[in-house]
Number of protein chains: 2
Amino acid sequence: MNIAAVERDSGLPKDTLRVWERRYGFPAPLRDQHDERLYPPEQVATLRLLRRLVDVGYRPGKVVGLPDADLTRLLERVSGSAQQPLGAEAREVLALLGASDAIGLREALGAMVLRVGLGDFAANVGPGLAQAVGAAWSRGELEIHQEHLFTEQFTNVLRGSIHMAQWAGAPRSRPRVLFGTFPQEPHALGLLMAEAMFTLEGCLGISLGVQTPITEIAAAARAHQADILALSFSAMIPPSQATAGLDELRALAPATAEIWAGGACPGLRDKPGLKIVRGLSEIAPAVRAWRARAAEPA
Amino acid sequence: MNIAAVERDSGLPKDTLRVWERRYGFPAPLRDQHDERLYPPEQVATLRLLRRLVDVGYRPGKVVGLPDADLTRLLERVSGSAQQPLGAEAREVLALLGASDAIGLREALGAMVLRVGLGDFAANVGPGLAQAVGAAWSRGELEIHQEHLFTEQFTNVLRGSIHMAQWAGAPRSRPRVLFGTFPQEPHALGLLMAEAMFTLEGCLGISLGVQTPITEIAAAARAHQADILALSFSAMIPPSQATAGLDELRALAPATAEIWAGGACPGLRDKPGLKIVRGLSEIAPAVRAWRARAAEPA
DNA sequence: TCCGGCTGTTTGTCCTGGACAAATACGCCA
DNA sequence: TGGCGTATTTGTCCAGGACAAACAGCCGGA
């Protein structure tokens with residue numbers, strides 16, 4: 001793999017890959033006949049581990065260069081604290097994915113929504129499933145195509161449920177919420193789960209889908225007279241980019257629109273005009289608080 | 001805007017921005033107190049125009065450095081030649097997008113499906129709408145966020161219709177069809193329209209979503225015992241990459257699985273084990289032919 | 001004991017200018 | 001007109017230097 005492929009795969013910018021090599025002696029890629037870096041697959045795998053450790057707060061100088069075994073141990077210590085014993089739902093989903101049973105998977109997910117309700121599903125079960133699938137993938141127990149299958153079926157079930165929720169209950173009302181992700185963020189799952197939570201609260205939601213340029217999110221906020229811009233971040237996105245992008249959006253968006261950011265991206269902080277939503281279950285009370293604020297001055 | 005922000009916004013890599021400046025004298029960013037590039041907004045807008053011209057085949061050396069008026073004229077010439085008179089549906093959709101009426105748009109698309117039927121919608125109306133929206137965007141009549149809104153609502157309506165179609169009619173049967181796109185191809189619309197056509201023919205469809213690595217598509221073909229691998233290509237993807245990828249997939253996938261490729265990518269050709277589907281309405285007869293072939297040797 | 005400010009170190013990102021392979025255009029000949 | 005070999009264009013890579021922002025560690029005061 002050449003350096004551009006590794007950048008895509010590991011999420012580490014080319015400059016960082018080169019400077020790590022210079023400073024820490026790792027990665028140590030081979031060279032092709034034209035002296036360009038060629039990364040062996042196992043080094044790319046190690047880089048993925050390092051990326052995750054750095055994301056959770058380890059400093060590169062302390063961990064780059066350590067053998068894989070140590071890195072895995074550190075990661076387990078981190079995720080061990082966050083790791084719950086897998087719920088029955090997660091076990092069922094992993095079993096169906098292992099068997100490549102697409103239809104069974106869709107039916108199982110649909111049944112879960114019906115059993116626990118959309119709110120509980122989107123706020124608790126869904127994130128748990130996504131985390132379990134991601135963890136299984138990073139342990140090598142799932143192939144990429146099985147993760148794709150999960151994403152696809154999960155998306156379908158959630159979209160269908162949101163669609164039904166839009167017609168149920170009271171007619172849609174304010175706040176008008178605009179959903180989107182930044183250009184570097186291709187993951188739609190977090191956005192969809194947030195959309196479900198807002199919809200259940202009776203908000204009027206409009207989604208721009210993933211990977212919308214920041215200037216365009218701001219323009220859409222004006223066009224749709226949005227009250228809230230809801231942005232979703234996965235752990236994949238570098239926190240520095242997320243923060244920089246949020247600052248840029250805050251400068252460009254109308255002052256009447258609040259910006260709410262959430263997701264698995266660590267290191268985000270509240271600022272004037274920017275609200276960090278730490279979990280999906282915070283959305284419902286936050287919407288009620290918004291409505292109280294909106295009613296007050298009137 | 002610094003160079004990283006411009007890379008995000010224009011889609012042009014940092015290296016390319018610097019080398020254009022060195023070779024063509026444009027962009028000509030200001031410098032901050034630490035000699036780092038600062039791009040004024042109007043240069044970023046010009047870079048977006050250039051990006052689009054390069055994407056449709058112009059060579060950077062010929063267009064970088066030209067004044068904005070010339071670039072706009074060239075862009076108009078490109079989109080003008082492909083322009084057909086707009087149907088009533090397209091005019092309605094463009095009007096709703098212009099008004100940023102998300103709810104009206106969804107209702108209009110839903111009504112279209114009901115009026116002409118899913119098959120006609122997916123095979124004829126849908127591609128026409130997508131083309132009209134793309135053309136309006138390249139003429140500068142639509143903003144990016146309005147195109148995103150269209151994609152999102154179109155996707156929702158189509159997914160909902162496919163979901164209904166799966167429960168209607170005869171129970172799903174072979175061929176088992178696996179849907180996907182190559183890693184460089186992020187567009188899901190073509191794939192969804194194809195999924196609709198196959199579903200209407202009673203096929204058992206399984207989607208991997210977009211941007212699945214080729215090795216993973218092949219692995220999924222085995223896991224799901226797929227009869228047909230359906231790949232979708234937009235005009236964005238370089239034909240050389242598409243051909244190379246299809247050859248690789250043919251080599252990796254099980255011989256029992258046929259590969260069907262379709263979409264707006266020019267220059268694709270039939271080969272042994274590879275079928276090019278030139279239009280969505282070809283899918284129905286092709287599925288019937290597959291079934292006839294499958295029944296014959298038995 | 002805890003907290004806020006100060007200082008030294010770490011780290012990511014930017015810089016220049018050079019190089020070359022792949023893609024594309026061009027000229028030539030059949 | 002169409003196929004083929006050569007010339008040009010173009011994107012991406014390289015090295016090694018620089019510096020600001022983020023961070024850790026220390027210290028003194030409440």
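In the text below, chain A, chain B and the rest are named by the order of the sequence lines, each starting its count at 1.
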Considering residues at least two apart in sequence or located in another chain, which fulfil the salt bridge (charged side-chain N to carboxylate O under 4.0 Å, His left out) criterion with E258(A)?
-> R293(A)
E7(B) CD to dC15(C) P, in whole Å, measures 12 Å
pair L71(B)-L50(B): side-chain heavy atoms closer than 4.5 Å = yes
For the pair made of CG in N2(A) and C1' in dT12(D), what is the distance, rounded to whole Å?
-> 9 Å
For I3(A) and dA15(D), what is the distance between atoms CD1 and P respectively, to the nearest whole Å?
-> 9 Å
Take the C1' atoms of the five end pairs on each side of the helix from dT1(C)-dA30(D) to dA30(C)-dT1(D), get both axes, and report the angle to 10 degrees.
-> 40°
Nearest heavy atoms of L229(A) and A253(A), plus distance in Å | CD1-CB, 3.9 Å
Would you mind telling me which of T181(A), I217(A), T212(A), I214(A) makes a side chain to side chain contact (heavy atoms under 4.5 Å, CB included) with L231(A)?
-> I217(A)
Check whether any side-chain heavy atom of M1(B) sits under 4.5 Å from a side-chain heavy atom of P41(B), and report yes or no.
-> no
Expressed in angstrom and rounded to an integer, what is the separation of L17(A) atom CG from dT12(D) atom C1'?
-> 15 Å
Close side-chain approach of F150(B) and L142(B), heavy atoms under 4.5 Å = no
Kindly write out the residues that satisfy salt bridge (charged side-chain N to carboxylate O under 4.0 Å, His left out) with R48(B), not counting sequence neighbours, or none if the list is empty.
-> D9(B)
Distance check: side-chain N/O of K14(B) vs OP1/OP2 of dC14(C), anything under 4.0 Å?
-> yes
Rounded to whole Å, OH of Y58(B) lies from P of dT24(C) at a distance of 16 Å
Just wondering, do L246(B) and F182(B) contact through their side chains at under 4.5 Å, heavy atoms?
-> yes
Heavy-atom contacts, protein to nucleotides 4-11 of chain D, under 4.0 Å, summarised as B (base), S (sugar-phosphate only) or - (none) per nt, yield ------BB
Quickly work out the E21(A) CD to dT11(C) P distance and round it to whole Å.
-> 17 Å
Donor-acceptor pair, side chain of R250(B) and main chain of G273(B), under 3.5 angstrom | yes
Does OP1 or OP2 of dT13(C) have a side-chain N or O of R18(B) closer than 4.0 Å?
-> no
Confirm from the modelled atom types if R22(B) and dG18(C) form a donor-acceptor pair under 3.5 Å, side chain to base only.
-> yes
Contacts of R31(A) meeting salt bridge (charged side-chain N to carboxylate O under 4.0 Å, His left out) (sequence neighbours excluded), chain-then-number -> E21(A)
Under a 4.0 Å heavy-atom cut-off, which of residues 33-44 of chain A touch DNA chain D?
-> D35(A), E36(A), R37(A)
Would you check if I3(B) and R37(B) make a side-chain contact, meaning some heavy-atom pair closer than 4.5 Å?
-> yes
